[in-house]
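Just so you know, these numbers come straight off a predicted model, no measurement behind them.
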Amino acid sequence: MKNLLRELRAEHGWSQAHLAELLDVSRQTVIAIENGKYDPSLPLAFAISRIFKQPIEAIFTPNQEPA
């Protein structure tokens with residue numbers, strides 16, 4: 001899944017550690033999400049959405065799978 005987490009975090013001037021603290025997850029989780037290596041759970045996606053005041057669909061977009 002592609003996401004804009006890194007860009008949104010940078011716009012706010014937040015470190016990965018600060019965002020992790022706000023989300024109550026590890027810094028490694030934030031890194032993995034930013035790098036597309038981990039898809040957040042639905043509750044975590046909603047928390048990210050709330051923090052950045054953006055709809056989930058604006059932050060996360062599915063990778064296009066060939067038909």
By side chain to side chain contact (heavy atoms under 4.5 Å, CB included) - contacts of Pro62 (at least two apart): none

- prompt: Which pairs pass salt bridge (charged side-chain N to carboxylate O under 4.0 Å, His left out) with one or both residues in residues 18-31, sequence neighbours excluded?
  reply: none

query: Under the side chain to side chain donor-acceptor pair (under 3.5 Å) test, which residues partner Arg50, sequence neighbours left out?
result: none

query: Using a side-chain heavy atom cutoff under 4.5 Å and only I, L, V, M, F, W and Y, what cluster partners does Ile56 have?
result: Met1, Leu4, Leu5, Leu8, Trp14, Leu19, Leu22, Leu23, Val25, Val30, Ile33, Tyr38, Leu42, Leu44, Phe46, Ile48, Ile51, Phe52, Ile59, Phe60

- request: With sequence neighbours left out, write down each residue that passes salt bridge (charged side-chain N to carboxylate O under 4.0 Å, His left out) with Arg6, or none if nothing qualifies.
  value: Glu34

- prompt: Which residues satisfy the side chain to side chain donor-acceptor pair (under 3.5 Å) test with Ser26, sequence neighbours excluded?
  reply: Thr29

